[in-house]
Amino acid sequence: MTARPRYVLSIAACASKVGYVFLIDGRPYDWGISLQANTSTKAVQEFTTDRIAFYQPELVVTERVAANSNKGERSRELINAIWKAAQNADVEWACVDRVQSYANKYDEAEALAARFPEMKPWVPKRRTLWDEEPRRTIIFEALSLALKALHRGG
């Protein structure tokens with residue numbers, strides 16, 4: 001890809017949720033979470049296909065899962081289904097490495113919200129050890145993936 005894409009859809013997945021961010025000219029325009037898309041590879045493919053049809057992105061981004069990743073088998077299957085849906089939709093796609101540049105997901109979310117103030121209300125509250133991870137973290141994971149893809153030129 002020679003020119004930076006204007007419309008980018010980034011989708012992140014883990015075993016319990018799927019999150020997405022749609023960017024226009026490198027800025028978040030829309031974002032959300034699905035608690036149903038993670039139920040099967042078919043569900044996440046349909047979710048991805050629906051988002052592609054709605055947003056008409058020039059680029060779809062998801063994670064490239066490294067061999068030493070903490071992602072479980074279920075998450076890996078969901079992520080593979082996302083890029084397969086992008087391939088099937090005949091849309092340019094990119095898999096980027098999820099490299100944690102911050103001490104934790106909460107610091108990353110706060111840094112991204114500082115860069116994009118429209119994301120501030122979505123910054124997850126820090127959890128205690130016994131709490132489940134907040135759902136909103138997946139949105140910032142998707143945003144981080146999109147920015148990495150745009151930074152490297154697609």
Side-chain angles (χ1 to χ4, degrees), residues 4-41 43-45 47-48 50-52 55 57-86 92-154:
R4 182 177 166 159
R6 287 196 66 211
Y7 305 109
V8 177
L9 175 64
S10 180
I11 303 176
C14 69
S16 61
K17 57 197 168 273
V18 174
Y20 70 93
V21 176
F22 177 65
L23 295 92
I24 298 177
D25 293 328
R27 295 205 59 88
Y29 178 78
D30 193 22
W31 50 88
I33 303 166
S34 173
L35 302 178
Q36 291 79 39
N38 67 312
T39 58
S40 69
T41 54
V44 78
Q45 278 185 311
F47 175 85
T48 302
D50 290 348
R51 294 298 170 286
I52 291 170
Y55 293 113
E58 296 168 355
L59 176 68
V60 175
V61 179
T62 195
E63 181 177 359
R64 177 183 17 246
V65 183
N68 63 347
S69 170
N70 290 334
K71 294 273 187 186
E73 188 60 33
R74 174 116 176 105
S75 297
R76 292 169 188 265
E77 290 171 358
L78 295 173
I79 291 166
N80 286 338
I82 292 167
W83 68 258
K84 285 178 185 172
E92 187 78 28
W93 56 275
C95 292
V96 296
D97 296 321
R98 173 84 172 120
V99 178
Q100 185 66 280
S101 304
Y102 298 88
N104 55 56
K105 292 180 179 185
Y106 306 100
D107 289 350
E108 179 180 47
E110 289 169 3
L112 290 170
R115 183 172 172 188
F116 303 109
E118 60 269 39
M119 301 297 293
K120 188 79 173 155
W122 288 82
V123 173
K125 292 182 181 175
R126 293 178 185 263
R127 71 181 180 130
T128 56
L129 290 175
W130 53 85
D131 287 334
E132 197 174 298
E133 180 179 276
R135 293 177 179 157
R136 294 176 179 183
T137 57
I138 198 76
I139 294 171
F140 289 94
E141 192 170 321
L143 179 56
S144 178
L145 292 171
L147 295 175
K148 282 186 177 40
L150 289 172
H151 180 69
R152 73 172 197 186

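This structure is a prediction, so every number in the text was calculated from the model and none was measured. Values below: every heavy atom of this structure, side chains too, minus hydrogens, waters and symmetry copies.
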Holding to side chain to side chain donor-acceptor pair (under 3.5 Å), I want the full list of residues that pass it with [X], two or more places apart in sequence or in another chain.
X	result
R136	none
E110	R126
R6	D25
W83	N80

I want to check something: taking the side chain as every heavy atom from C-beta on, are [X] and [Y] in contact at a cut-off of under 4.5 Å?
X	Y	result
R98	K71	no
P5	L150	yes
E141	I138	yes
T41	K84	no
E108	S144	yes
I139	M119	yes
L112	L147	yes

Looking only at heavy atoms, what is the nearest atom pair of [X] and [Y], with distance?
X	Y	answer
S75	A15	OG-N, 3.0 Å
P117	P121	O-CD, 4.0 Å
V123	A113	CG2-CB, 3.3 Å
L35	S16	CD2-O, 3.8 Å

Under the side-chain contact (heavy atoms from CB on, under 4.5 Å) test against V8, which residue among V60, V21, I24, V61 passes?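 With V8 as partner, V60, V21, I24, V61 yield a single side-chain contact (heavy atoms from CB on, under 4.5 Å), made by V61.
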Would you check, one step at a time, whether the test side-chain contact (heavy atoms from CB on, under 4.5 Å) holds for E77 with V44? CA-CA 10 Å; E77 290 171 358; V44 78; over 6 Å; no
Evaluate the side-chain contact (heavy atoms from CB on, under 4.5 Å) criterion for residues S101 and K148: first the C-alpha distance (whole Å), next the side-chain angles of each, then the deciding distance (0.1 Å), finally the verdict. CA-CA 11 Å; S101 304; K148 282 186 177 40; 4.0 Å; yes
For F47, enumerate each residue passing the ring-ring contact (aromatic ring centres under 6.0 Å, His included) test, keeping only those at least two apart in sequence or located in another chain.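 Residues passing ring-ring contact (aromatic ring centres under 6.0 Å, His included) with F47: Y20.
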E118: partners by salt bridge (charged side-chain N to carboxylate O under 4.0 Å, His left out), with sequence neighbours left out: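 For E118, the residues satisfying salt bridge (charged side-chain N to carboxylate O under 4.0 Å, His left out) (neighbours in sequence not counted) are R27.
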